[in-house]
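Accompanying notes for the structure given below.
Atoms within each ligand, like the ligands themselves, are counted from 1 in listed order. The figures that follow rest on heavy atoms only: side chains count, while hydrogens, waters and symmetry mates do not. Numbers here simply count residues along the sequence, with the first being 1.
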Amino acid sequence: MSILATRLSRIKPSATNALTGIVAELKAQGRDIIALGAGEPDFDTPDNIKDAAIAAIHAGDTKYTPVPGTMALRQAIADKLKRENGLDYDPATQITVATGGKQVIFNAMMATLDEGDEVVIPAPYWVSYPDMVALVEGTPVFVDCPEESGFKMTPDMLEAAITPKTKWLILNSPSNPTGAAYSKEEIRGLADVLVKYPNVWILTDDIYEHVIYDDFEFATIAQVEPKLFDRTLLLNGMSKVYSMTGWRLGYAAAPAELVKAMNNVQSQSTTHATSISQAAGVEALNGPQDFIEPHNELFKERRDLVVSMLNQAQGINCLTPEGAFYVSPSCAGVIGKKTPDGKVIENDTDFATYLLESEGVAVVQGAAFGLSPHFRISYATDTELLREACERIQRVCASLS
Ligand SMILES: Cc1ncc(COP(=O)(O)O)c(C=O)c1O
C-alpha cells in the first residue's frame, strides 16, 4: 500500500518551479543556459526595503506575530487599497497576510471548497490555480480564451461556464502567462454577468497590477462594480512589483467571514508570514514608489524586443501584451516539423525540450498553462541575454524542416 494520499494523484509539481530546478542542475553541469522560465524580476529588492528588514531584526521583531500579520502591515495594505484602488477595508477584520500570494489562494480554496464545487478558471491560467482547486477536491472548469480573443474571456464565455455548483471565478489581470490585461470596460462586461449570480465569488489576482505598459489603466473588479465587493477576494503581493519573490509575502482583502476562515486555515499551517518580511512589507507599501516607472520602462523595452524578434522566427507568432513580464507566443508553425537529426516536434512540450537541449534556452511549454501549442517566455531578465535567447530561438526554428 502506498504511503501517499489519493489526493496527491490529482496534482502535479508546478511546471515553472520544476524548470527552475532543471536549469540549476544544467548550469551546475557547466551548460550554457539562458533561463526564461522563472516569473521573477531580475531587479534587486530596493535598498530602503532591505534596510527596514535589517532594522526589524535589530529591533527584535523576530517573534510570532498575529496570524493575519502585524497591524502595521495590515494598515499599510488598507492604506494602499484606499489610495490606489479606491477601496475601503477594515485592517482588523478584512485583511490578511500570507507567505506569498500562492498561500492566499491555497488558504481561500481550502477554506471554501467542498467536493465537487466548481471554480471557473479562464485558460490560459497560472499553473497553480487548477492544482490548488483539485487538491482540496474542487473541480476546475476551464474557459478557453484563444489568441483570437486576446487570451481574454468575454461575458458570454463566462456566463456559459457558470452552473449551480460554481463557487468561484478566478480572474487574473494582467495575466500570467500571456500578459493580457482586462480594461475597465471589459471588467464591466464580466461584472454585469456576475451580478446576476449571487452565489459566485470572485478571486481577483492583481499581483501584476503595477506591471503595465502603453498607458494601460489597471482596474480591479470590486472597484468597477461595488455590488461585487461583498463577494470578492482581492489578492495582491510584494513579489513582483517590489522584486521580493524570496521574501514570501502576499495579502488578501475580502469580507470578514472569509478572512476569518482563511486565518483559521493558516493558523493550523504556517501561522503567519515571516515577521522580518512583514516589516519589509510595511516599508515597501509606505515607502517611495518611484522605482516602478523606470522598471516598467525597461520591461517595456524588453517586451518590444522579444515580441519583434520572436515574430521574425519561422513558425512563431507573438502578440504584444498589455502587462506583466511574459509573452506566450504560438509555436503552431513548427509543430510537425523535423529537427536536423530527424525527431518530429509533435507539440509544445517537444519544442520547449528541443530548445533547451539544442540551444540551452529554457522556456515553459504552454501545456502547463492550458495553452497549446504555445510556450511562455519571462522577459524579466537581462536585455542582452534576451536578445541572445531570441537569436537562438530563431536559429532553432530555421533549422527545422
Ligand atoms: C498570477 C500569479 N499569482 C500569484 C503568484 C504568486 O506569487 P507569490 O506567491 O510569490 O506572491 C504568481 C507568481 O508567479 C503569479 O504569477
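- Considering all non-hydrogen atoms of both residues, Val363 and Arg376 come closest at CB-O, 3.5 Å.
- A 4.5 Å side-chain heavy-atom check between Lys80 and Asn85 finds at least one atom pair inside the cut-off.
- Ring geometry, Tyr208 versus Phe325: the interplanar angle exceeds 60°, so the pair is classed perpendicular (tilted spans 30 to 60°).
- Thr220 and Asp206 share a side-chain donor-acceptor pair at under 3.5 Å.
- Judged purely by atom type and a 3.5 angstrom limit, Gln278 uses its side chain to pair as donor or acceptor with the backbone of Thr70.
- A distance limit of 4.0 angstrom between heavy atoms and ligand 1 selects the residues Gly100, Gly101, Lys102, Trp126, Tyr129, Asn172, Asn176, Asp205, Ile207, Tyr208, Ser239, Lys240, Arg248.
- Between Phe299 and Phe43, the ring planes lie tilted relative to each other; the angle falls in the 30° to 60° range.
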